[in-house]
Every structure is written in structure tokens, then in C-alpha cells.
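Just the heavy atoms: all of them, side chains too, but no hydrogens, waters or symmetry mates, feed the values below. Start at 1 and go down the list; that is how both ligands and their atoms are numbered.
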Amino acid sequence: MAKLKSSVQILKETQRLYEVPNPIIGLTGGIGSGKSTVGKFLQAKGLIVVDADKLIHEIYQEQETINFLKKLAPQMIQNNEIDFPKLRELFFNSSLLKSGLENYLYQKLPLFFKSKLPKKKTTPIIYDVPLLFEKELNQQLDLSVVVSCSAEKQLERVLKRDNTDEATTLKIIENQLCMSEKVKRAHYNIINESDLEALKIETSKFFDSYFLA
Ligand code: ATP
């Protein structure tokens, strides 16, 4: 298991997100900038990676969530399953539903997050959270690292990966906090402008700056 170097200044437990004992390194970027890929490289180096999107997915699997949604908007549930395209549509068109659902998810999140923590309190974890700066979580994280690239690269990678179109992807990119602002606010910038081999090397440089294998 990888460790943080003793020279890295860490927060007090009471200052940290959900007041957990383990140091948290936030990993962020824009859509398709390479967060998950960097997360995989860091995992291979012995770090524990928690993915915020996966935690939300786990919450959606719970019967309690399905019951909550049934009360909030019954048309979202078909045969005891969530109709995700309908949920997305309602989410963007009803501010009442959006805030009700967000409140519910954010109230559940700490428990799911804590269930992923290692027992040893000094073991750091990487938290892959796309909206880290938008949600102003950086003050409660020990370090934050951004995976950055140009909007052209984001677009190219997302179109190759997802079944989506250019206009939708550009809209998402435009709605996110701009990359240069994320770079300015982060402690470390992993540039992902070239191929996967180059990204692996850049990730290793980040790892060597803060961790011991
Ligand atoms: P999202 O926030 O949309 O989930 P992400 O930031 O986690 O995206 P990844 O899923 O890691 O981004 O990368 C997006 C796509 O681009 C993936 O298919 C990944 O394999 C590919 N990719 C990432 N970096 C590179 C690279 N340097 N060269 C080639 N392909 C890459």
C-alpha cells in the first residue's frame, strides 16, 4: 500500500471532508480529460481510488432510493427499476426534483464514502470527483490534482468513447468550470495532451512527488 511522504502537509481530521481520518487526495478534471485513466494508473501503484460517480451509482441500486424516487416522481420507476433517461430529463427540467434528489444523494454519500476507507488511518485515498471545484470541496481535501487537456482533445476522446454527439459534448464542456481555472486552483496538474504512454509517465511523476511505494 502506498504512503504519503512525511513532508506533505495534511489537514486535521476535523477539517477534512466528512471528518475522516485518512488523508484525501482529490482527483478532478473535465469530461473525458483522463481522470479515470489516471485513477487506474494510481491504483496500479498501490493507491486506493474511490470514484464519486460509482458511489452515486451504488446509491441508485438501493431499494430505499427506488422507494424515495417513487414518492418524488412515480413516472421515473418502471417495474421497480429507475428509468434513467426519464430521470435525466426530469432532473434538468424540474428544479424541485433536482434539489430533492440532490439533497437525498448528498445525505447518503458520506456513509457510502466511509465504507470504502481502509482500516489504517494514515493510508491516503484518491477521490475521483468531477465537480471538485464546482462544489468547493478543495478546502476539505489534503491535496487536489487536476488532469488537464485541451477542449479539442476532450471532445475527440468523448466522441470516441461514448454514444453521443458533438453538440451535447460541447455543451457539457462549456457548462463545466473552465480547465485553466481548475489548473489554477489545484496543487498539481497532470497534462494529458499526448498518448497513454505519456500519461502514464506524467502520472508517475505526480506519484513520486507525493507518495512512497
Ligand atoms: P469522464 O469524466 O467523462 O468520466 P474521465 O476524465 O474519467 O472522463 P477517461 O475516461 O479516463 O476520462 O478518458 C476518456 C477516454 O479517453 C477514455 O476512453 C480513455 O481511454 C481515453 N484516453 C484518456 N487519455 C488518453 C490518452 N492520453 N490517449 C488516448 N486515449 C486517452
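- Per-residue contacts place Asp195 under 4.0 angstrom from the following atoms of ligand 1 (heavy atoms of the residue considered): 26 (C), 27 (N), 28 (N).
- The closest heavy-atom contact to atom 29 (C) of ligand 1, among the options Ile31, Thr169, Leu196, Asp51, comes from Leu196.
- Lys108 and Glu62 are joined by a salt bridge, as a carboxylate oxygen and a charged side-chain nitrogen come within less than 4.0 angstrom of each other.
- Residue Thr37 has at least one heavy-atom neighbour below 4.0 Å for each of these atoms of ligand 1: 9 (P), 11 (O), 13 (O), 19 (C), 23 (C).
- A ring-centre distance under 6.0 Å is found for Phe84 and Tyr60.
- Salt-bridge formation is not detected for the pair Glu89/Lys86: no Lys NZ or Arg NE/NH1/NH2 atom is positioned less than 4.0 Å from an Asp or Glu carboxylate oxygen.
- Put simply, part of Gly30 is less than 4.0 Å from ligand 1, judged by heavy atoms.
- The Asn192 neighbourhood of ligand 1 comprises atoms 23 (C), 24 (N), 25 (C), 26 (C), 27 (N), with distances under 4.0 Å to a heavy atom of that residue.
- Using bins of under 30°, 30° to 60° and over 60° for the plane-to-plane angle, the ring pair Tyr210/Phe206 lands in the tilted bin.
- Taking atom 7 (O) of ligand 1 as the reference point, the nearest protein heavy-atom neighbour is Ser36 OG, 2.7 Å.
- Across Lys160, Arg157, Arg161, Lys35, heavy-atom proximity to atom 4 (O) of ligand 1 is greatest for Arg161.
- Counting the atoms of ligand 1 from 1 in the order shown, those under 4.0 Å from a heavy atom of Gly34 are 5 (P), 6 (O), 9 (P), 11 (O), 12 (O), 13 (O).
- With respect to Lys182 and Glu134, a salt bridge is recorded, a charged nitrogen being found less than 4.0 Å from a carboxylate O.
- Residue contacts with ligand 1 include Ser194, since one or more of its heavy atoms lies under 4.0 Å from the ligand.
- The ring-ring contact (aromatic ring centres under 6.0 Å, His included) analysis of residues 131-186, with sequence neighbours excluded, yields no pairs.
- At least one heavy atom of Ser33 lies less than 4.0 angstrom from ligand 1.
- Considering backbone and side-chain N/O atoms, Gly32 comes within less than 3.5 Å of an N/O atom of ligand 1.
- Between Lys54 and Glu58, no side-chain nitrogen of the basic residue sits less than 4.0 Å from a carboxylate oxygen of the acidic one, so the salt-bridge criterion is not met.
- Distances from ligand 1 to the non-hydrogen atoms of Gly29 include no value under 4.0 Å.
- Aromatic ring pairs are classed by plane angle as parallel below 30°, tilted from 30° to 60° and perpendicular above 60°; the pair Phe68 and Tyr104 is parallel.
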